[in-house]
Protein chains: 2
Amino acid sequence: MTTRGRPTLEAVARRAGVSRATVSRVVNGSTTVAASIRDVVNQAVEELGYVPNQAARSLVTRQTDSIALILPETANRVFSDDLFFPAIIRGVGAELEAADKQLVLMMTGSPAGHHRVERYAVAGHVDGVMFASIHGADPLPAALARKGIPVVCSGRPMHEDPPVPYVDVDHAGGVAAAVRHLVAGGRRRIATIAGPQDMVAGIERLIGYRQTLRAAGLPELVAAGDFTRESGVAAMRDLLDRDPELDAVFAASDLMAHGALQTLRAAGRQVPGDVAIIGFDDFEISRYTDPQLTTVRQPIGEAGRTMARQMLRLIAEDPDVPPSIVLPTELIIRASA
Amino acid sequence: MTTRGRPTLEAVARRAGVSRATVSRVVNGSTTVAASIRDVVNQAVEELGYVPNQAARSLVTRQTDSIALILPETANRVFSDDLFFPAIIRGVGAELEAADKQLVLMMTGSPAGHHRVERYAVAGHVDGVMFASIHGADPLPAALARKGIPVVCSGRPMHEDPPVPYVDVDHAGGVAAAVRHLVAGGRRRIATIAGPQDMVAGIERLIGYRQTLRAAGLPELVAAGDFTRESGVAAMRDLLDRDPELDAVFAASDLMAHGALQTLRAAGRQVPGDVAIIGFDDFEISRYTDPQLTTVRQPIGEAGRTMARQMLRLIAEDPDVPPSIVLPTELIIRASA
DNA sequence: CCCTTAAGATGAACCGGTTAAGTTATCGGG
DNA sequence: CCCGATAACTTAACCGGTTCATCTTAAGGG
């Protein structure tokens, strides 16, 4: 009920002594309006405090100027202590704001979440849908794309019935740089704490570890994690059990690296003296651990911005939107390795 | 252009052999429809994959079923490493999702941000506006309320021309518990690192510190911070300069406490041996500092949920929505004090 | 001075729903 | 058997914009 007694186009037209059509053209900045009339209309708009009704406008233009961002929210992990989603939101938000589009946030935690998102998009509530970090082979992006709705994913989608444009970072390259740094530092028993294997980020970082280690002719040692600090703690304990002599760990997230760090300290290991450790993300926390964490920086905010830009081009029906964009990662060397 | 060739009410009506109005009533679950017709219509809906057009619907109902959440985003601090906003978003999101409303996120970083938000709301794009953490005497909430738009704030607004409903936490009570805990532990030179004094949260936590200390007959020692880790580091250095003999610090945020902890360690102080320290927030990080941080827990997610519930009641035109709700805080005792 | 042309404004037909008022069929009571 | 009440559906009038075809008017050319 927010549009109660608000002035309509009709009211402005009456006051300015012109037709509805003319007011509409003035409001939308059409060039074929005489300057004198334009001024009269603008004054009437000013005086009445006229603001166009969005629903009426969308009804005919078929555009809402708002775009959805879908967060998986699996197991409430989304915002627990994970700075990935906030960073994505910030990047996306900044870019959309510059383009004067609105960001609609949706979380698909509930079982019926997928259906809700689909309905929402099909109902024309938004002009496009962006996905932040897909879990597993989620069929939703492809399903929406099939319905003609512009879709962009952050992180390469595993399921691509119709291929969906995506933005990702160079996981493998970053991991390779990290592992090579450990090797160059003389480490020979390099373990990894892997991310969840139902997410491309988790999978690719593990692959990167394996390939680089194999190339160096060194043995693998893998423990499973899920990007959280808790899982880092548990995985590190597991690794120490399995190989007390290990001299380096690559953790697939900063949070897991932080957890591992605590476990190593509790186990009496010096970092980086006895065991070197490298994380992935470059969250702010990595500058405040003791020792400060060497890590692979991924440009999350930039990924968000890029995703938003792709979406805007898709909506503008730009014929040659790149099907994928991979952003570079960078090894940030601090004290832990 | 997401609603291209999609079936309309009209199409469903033709297929089912009834009028548009009847289909509308079936879709909206009216009771005055014969079961036989209802089934026929539902089948037609199913077969055509009909989804009501949101714009057309809002145009007449004057409802959008989406609600805005405004984030101030001052100085990019919003999502840097601060888990306050993510927690609010999660709480609000969960509650709105349960009510089948959509969350529209807006950041008012740009100078024209305020005007954009106002226009957006007045245009009827959302049914109500929630503010997460007001800075200073922001006139926007009151301005919107004056226009008849439902508004709820998280954190008591300083400016209340027409008073706006709000949800806040018991800052003073939490701080009092913290400071009393320090006093009870025998601390006598208790400093504080205050939050920004243009936010109610910063102001009230400082007042709480002052009052409790005065009641205990102890001297005050205040350093300025802005809730960030960096400011905690700087403020702690400042405090050590001014009183090298201090034996306790209450930091108005966990992040500042964390920064202070690092500085104390660098200065050779034992925590809690030489100096006790208590934070405020109970972010996850406080369980991973060394030593683990004693802190005041504030139910941020719950505040978000509560704010959303108030908004829903406001929209439903519930006559007796409480003008304010203050949630309790709780001292969580760990190792640092 | 008349005709063509173009600029600029208007009238009216949508867009796709909701809902008040009107119509038709059904049924019980007198 | 007729009448009014009731149930269930249809008709049509909105909601508030956009836009295209049409009309008006003034300027320019021969």
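Heavy-atom basis, side chains included; hydrogens, waters and symmetry copies ignored. Source: prediction; values computed, not measured.
Following rounding to the nearest Å, B:D39 (CG) and D:dC9 (P) show an atom-to-atom distance of 12 Å. Atom P of nucleotide D:dG17 and atom CD of A:E10 are separated by 10 Å, given to the nearest angstrom. D:dC15 atom P lies 18 Å from atom CD of B:Q63, rounded to whole Å. The distance between atom NE2 of A:H125 and atom P of C:dG17, rounded to the nearest whole Å, is 14 Å. Atoms CG (A:N53) and P (C:dG16) sit 17 Å apart, rounded to a whole Å. Remark: P of C:dC15 and CG of B:L9 are 13 Å apart, rounded to the nearest angstrom. For A:R14 and C:dA9, the CZ to C1' distance is 18 Å, given to the nearest whole Å. One can place CZ of A:R57 at 18 Å from P of C:dG16, the figure rounded to the nearest angstrom.
A search for side-chain contact (heavy atoms from CB on, under 4.5 Å) contacts involving A:S36 returns A:A34, not counting sequence neighbours. Residues meeting the side-chain contact (heavy atoms from CB on, under 4.5 Å) test with A:V40, sequence neighbours left out: A:A16. Scanning for side-chain hydrogen bond (donor to acceptor under 3.5 Å, both in side chains) contacts around B:Q54 gives B:S58, with sequence neighbours left out. For the side-chain hydrogen bond (donor to acceptor under 3.5 Å, both in side chains) test, residues two or more places apart in sequence or in another chain that qualify with B:R15 are B:E47. For B:N42, the side-chain hydrogen bond (donor to acceptor under 3.5 Å, both in side chains) test picks out no residue, with sequence neighbours left out. For the side-chain contact (heavy atoms from CB on, under 4.5 Å) test, residues two or more places apart in sequence or in another chain that qualify with A:A11 are A:P7, A:T8, A:R14, A:L48.
The backbone N or O of B:P322 sits less than 3.5 Å from a side-chain atom of B:Q310, completing a donor-acceptor pair. With B:R313 contributing its side chain and B:D320 its backbone, the two residues share a donor-acceptor pair below 3.5 Å.
Here D:dC15 is the nucleotide among D:dT18, D:dC15, D:dT10 with the atom lying nearest to any side-chain atom of B:R62. Closest contact between the side chain of A:T8 and the listed nucleotides C:dG17, C:dG11, D:dG16 involves D:dG16.
Map B:L59 and B:A34 each onto its nearest nucleotide of DNA chain D; the residue landing nearer the 5' end is B:A34.
In this structure, A:V27 reaches neither bases nor backbone, as no heavy-atom distance under 4.0 Å exists between it and the strands shown.
Residue pairs satisfying the salt bridge (charged side-chain N to carboxylate O under 4.0 Å, His left out) criterion with at least one member in residues 300-310 of chain B, sequence neighbours excluded, are listed as follows: B:E95-B:R305, B:E95-B:R309, B:E302-B:R309.
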Quiz item: Along nucleotides 19-25 of chain D, 5' to 3', which nucleotides get a B, which get an S, and which get a -, given that the test is a protein heavy-atom distance under 4.0 Å?
Solution: B------
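In the helix from C:dC1-D:dG30 to C:dG30-D:dC1, the terminal helix axes, each the rotation mapping four pairs' C1' atoms onto the next four within five end pairs, subtend 50°, rounded to 10°.
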